[in-house]
Amino acid sequence: VGPGASGRLGQTIAGFGHKKILIVTDSIISKLGLLDDLTRALTAGGAEYVVFDAITPDAPIPLIEEGIDFYLEHGCDAIVAFGGGSSMDASKAIAAAVSNPGKTLRELAGYFKGLQTPVKIYAVPTTAGTGSEVTVAAVISDPEKEKKYVIADSRLVPVMAALDPALMTGLPKAVTAATGMDALTHAVEAFIGQWTTGYTDRMATA
């Protein structure tokens, strides 16, 4: 946690001996140069990586399938989810799918539908709202059927996450405002919910 955390995460990952790491993000983050601290640290540590920066909001199935093909084409064995909730969700879906090649994304929807453990995921959130870096679920959209699916598995929780506030300073104002409202909404919901505890109240009002 703290400024520079994404670079420190890169240093740590580089020491884990992965063959090649897939970084999943969107084009805005890539163009803004927000990946630089992470990728410099990976390179300095001798780790190879490739970037899939085509993620769009709501992580549609056809795009995730492109990410799966990209992962397999480049012989990756780990994923870094870098960005907002859509990048996180897409990364989790890719991780589940490549480890369970006999099942489609639609067949993986639900609870613990993948028999094999997903590949390791590391996370660098750039927004304040989703908390997807610590959750068990991935929400993906199906444009063809106009519905959303949830892939839920406790093994989808990222192994490690870097919370780097410096990354948020370069985001578009609309994204910062929308995700800030998302975080506020979660805090209000936690505070007024029926299952509150002293601990959750303290976290919600912090």
Side-chain angles (χ1 to χ4, degrees), residues 1-13 16 23-26 28-29 32 34-35 37-38 41 55-59 78-96 109-114 117-141 148-206:
V1 176
S6 61
R8 293 194 296 276
L9 178 66
Q11 292 172 352
T12 304
I13 296 172
F16 289 160
I23 300 173
V24 177
T25 189
D26 61 63
I28 293 176
I29 284 174
L32 288 172
L34 299 184
L35 297 174
D37 282 355
L38 173 73
I55 299 303
T56 59
D58 294 324
I79 298 173
V80 174
F82 199 113
S86 295
S87 294
M88 303 285 167
D89 288 346
S91 296
K92 291 176 182 179
I94 293 170
Y111 293 89
F112 294 96
K113 293 297 181 69
T117 300
V119 299
K120 284 185 170 60
I121 306 169
Y122 307 93
V124 184
T126 58
T127 60
T130 68
S132 188
E133 71 276 7
V134 292
T135 65
V136 303
V139 179
I140 60 175
S141 63
K148 291 187 178 182
Y149 298 100
V150 177
I151 300 173
D153 190 322
S154 58
R155 297 171 296 178
L156 286 174
V157 178
V159 178
M160 192 177 295
L163 305 183
D164 190 340
L167 297 175
M168 297 186 189
T169 60
L171 293 176
K173 292 180 180 179
V175 174
T176 301
T179 55
M181 287 300 294
D182 191 9
L184 175 61
T185 301
H186 285 308
V188 172
E189 180 184 38
F191 190 73
I192 65 176
Q194 299 301 306
W195 291 358
T196 61
T197 67
Y199 174 76
T200 61
D201 282 349
R202 288 193 298 275
M203 294 297 290
T205 57

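All values below come from the heavy atoms of this structure, side chains included, with hydrogens, waters and symmetry mates left out. Keep in mind it's a predicted model, so treat the numbers as computed, not measured.
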Shortest non-hydrogen contact between Ala137 and Ser132, atoms and distance: O-OG, 4.4 Å
Residue that, paired with Thr126, satisfies side-chain contact (heavy atoms from CB on, under 4.5 Å) out of Ile28, Ile29, Thr25, Leu32: Ile29
Taken in chain and number order and not counting sequence neighbours, the residues that satisfy side chain to side chain contact (heavy atoms under 4.5 Å, CB included) with Ala41 are Gln11
Give, for atom CG of Leu9 and atom CG of Leu38, the distance between the pair rounded to the nearest 0.5 Å. 6.5 Å
4.5 Å side-chain heavy-atom contact, Phe82 and Ser91: no
Any sub-3.5 Å donor-acceptor pair from Ser141's side-chain atoms to Asp58's backbone N or O? yes
To the nearest 0.5 Å, how far apart are CG in Asp182 and OG1 in Thr127? 8.0 Å
Got a list of side-chain donor-acceptor pairs under 3.5 Å for residues 199-206, not counting sequence neighbours?
from	atom 1	to	atom 2	distance (Å)
Thr200	OG1	Thr197	N	2.8
Thr200	OG1	Thr197	O	3.0
Thr200	OG1	Thr197	OG1	3.4
Arg202	NH1	Gly198	O	3.4
Thr205	OG1	Asp201	O	2.9
Thr205	OG1	Arg202	O	3.4

Glu133 side chain near Leu163 side chain, heavy-atom distance below 4.5 Å: yes
When you measure from the side chain of Lys92 to the backbone N and O of Thr135, does any donor-acceptor pair fall under 3.5 Å? yes
Shortest non-hydrogen pair, Gly2 vs Arg8, comes out as O-NH2, 3.9 Å
Between the main-chain N or O of Gly7 and the side-chain N or O of Asp37, is there a donor-acceptor pair closer than 3.5 Å? no
Of the non-hydrogen atoms in Ser6 and Val124, which two are nearest, and what is the gap between them? CB-CG1, 4.0 Å
Sequence neighbours excluded, the answer for side chain to side chain donor-acceptor pair (under 3.5 Å) partners of Asp26 is none
Closer than 3.5 angstrom, by distance alone: can the side chain of Thr196 be matched with the main-chain N or O of Ile192 as a donor-acceptor pair? no
Looking at Phe191, I want to see if its CZ is surrounded by more than 12 non-hydrogen atoms of other residues, nucleotides or ligands under 6.0 Å. no
Locate the shortest heavy-atom distance separating Pro3 from Pro165; write the atom from each residue and the value. N-CD, 3.8 Å
Nearest heavy-atom contact between Pro57 and Ser86 is CA-OG, 3.4 Å
Are Val157 and Val136 close enough, and set up right, to give a side chain to side chain contact (heavy atoms under 4.5 Å, CB included), and what steps lead you there? CA-CA 5 Å; Val157 178; Val136 303; 3.7 Å; yes
Ignoring hydrogens, what is the shortest heavy-atom contact between Pro125 and Leu167? Give both atom names and the distance. O-CD1, 4.4 Å
Just by modelled atom types, is the Ile151 backbone N or O under 3.5 Å from a matching donor or acceptor in the Lys113 side chain? no
